[in-house]
Amino acid sequence: MALLTGINKIKTAVFISGRGSNLKSLIKFSKKYKSPISIDLIVSNNPKAKGLYFGNMFKIKKKVFNFSNKKKAEDKALSELKKNDIKMICLAGFMKVLSKNFIKKFEGKILNIHPSLLPKYKGLNTHQRILNSKEKYSGKIILQKKVRILKNETVKSLTRKILAQEHKLYPEAILKIFSL
Ligand code: GRF
């Protein structure tokens, strides 16, 4: 695998809507020598997203777009992505469904992370739905990892357990796609 350093890393935008713990883990990963990506832009639909704080902390440009008009928001986002020469998008807890038109513009360049073993439990309230179903495992399609669900598991404990795995798997998935 060719290692990319500094300037020639792939410029990446991370899209978030809330907490941003995956954003934080991606930023930390991006700073490592072995990371093929740099994080140059944070995009959110939510001006109150806690994760926007990581933009301040790591001095990364942030942009918030109002998705009440999806077409307008996406057009603005696309122009911002272009302006910043962004080549890849990592969705990390982004709670809006992007249009086909938007996705076409970044075909094959958008990654997402989800806390279930897809295609199971697509959508929202994943952890609660997993527990309701009495599933024995949960995890995440480039890479998936199983997590043991204990008898007395709660949404909180399961979320914490899965997030810890997510923070390792997202960077691993990025390394995997660039090592092909
Ligand atoms: C994660 O569980 C991710 O898999 C899902 O939304 C959650 C985002 O968490 N898509 P965070 O904002 O990265 O902490």
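Here the structure is a predicted model, which means the values were calculated and not measured. As the structure lists them, so they are numbered: ligands from 1, and atoms in each ligand from 1.
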In chain order, what residues pass the ring pair (Phe, Tyr, Trp, His ring centres under 6.0 Å) check against F67, with sequence neighbours excluded?
F94
Heavy-atom contacts with H114 under 4.0 Å: which atoms of ligand 1 show up? List them by number with element.
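Near H114, meaning under 4.0 Å from one of its heavy atoms, ligand 1 has 4 (O).
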Ligand-residue contact atoms, ligand 1 with E166, heavy atoms, under 4.0 Å:
1 (C), 2 (O), 3 (C), 4 (O)
Assess G51 for proximity to ligand 1: is some non-hydrogen atom of it under 4.0 Å away?
no
Report yes or no: does I113 have a heavy atom closer than 4.0 Å to ligand 1?
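Heavy atoms of I113 do come under 4.0 Å of ligand 1.
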Examine I110 and I177 and state if one hydrophobic cluster contains both, with Ile, Leu, Val, Met, Phe, Trp and Tyr joined whenever side-chain heavy atoms are less than 4.5 Å apart.
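Per the 4.5 Å side-chain linkage, I110 and I177 are not co-clustered.
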Transitively linked via ILVMFWY side-chain contacts under 4.5 Å: M95 with L163?
no
Any non-hydrogen side-chain atom of E74 less than 4.5 Å from a side-chain atom of S99?
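Contact flag for E74/S99 side chains = yes.
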I'd like to check N22 versus C90 (side-chain heavy atoms, cut-off strictly below 4.5 Å). Are they in contact?
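N22 does not reach C90 side chain to side chain.
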With respect to A92, determine whether any N or O atom, backbone or side chain, lies less than 3.5 Å from an N or O atom of ligand 1.
no
Can you tell me the protein heavy atom closest to [atom] and the distance?
{"atom": "atom 8 (C) of ligand 1", "result": "G93 CA, 3.6 Å"}
{"atom": "atom 9 (O) of ligand 1", "result": "R19 NH2, 3.0 Å"}
{"atom": "atom 12 (O) of ligand 1", "result": "G20 N, 2.7 Å"}

Going by the closest heavy atom to atom 14 (O) of ligand 1, which one wins out of S17, G18, S21?
S21
Lys/Arg N to Asp/Glu carboxylate O, E153 vs K161, below 4.0 Å
yes
With sequence neighbours left out, what residues match E80 under salt bridge (charged side-chain N to carboxylate O under 4.0 Å, His left out)?
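Salt bridge (charged side-chain N to carboxylate O under 4.0 Å, His left out) check on E80 returns K61, K83.
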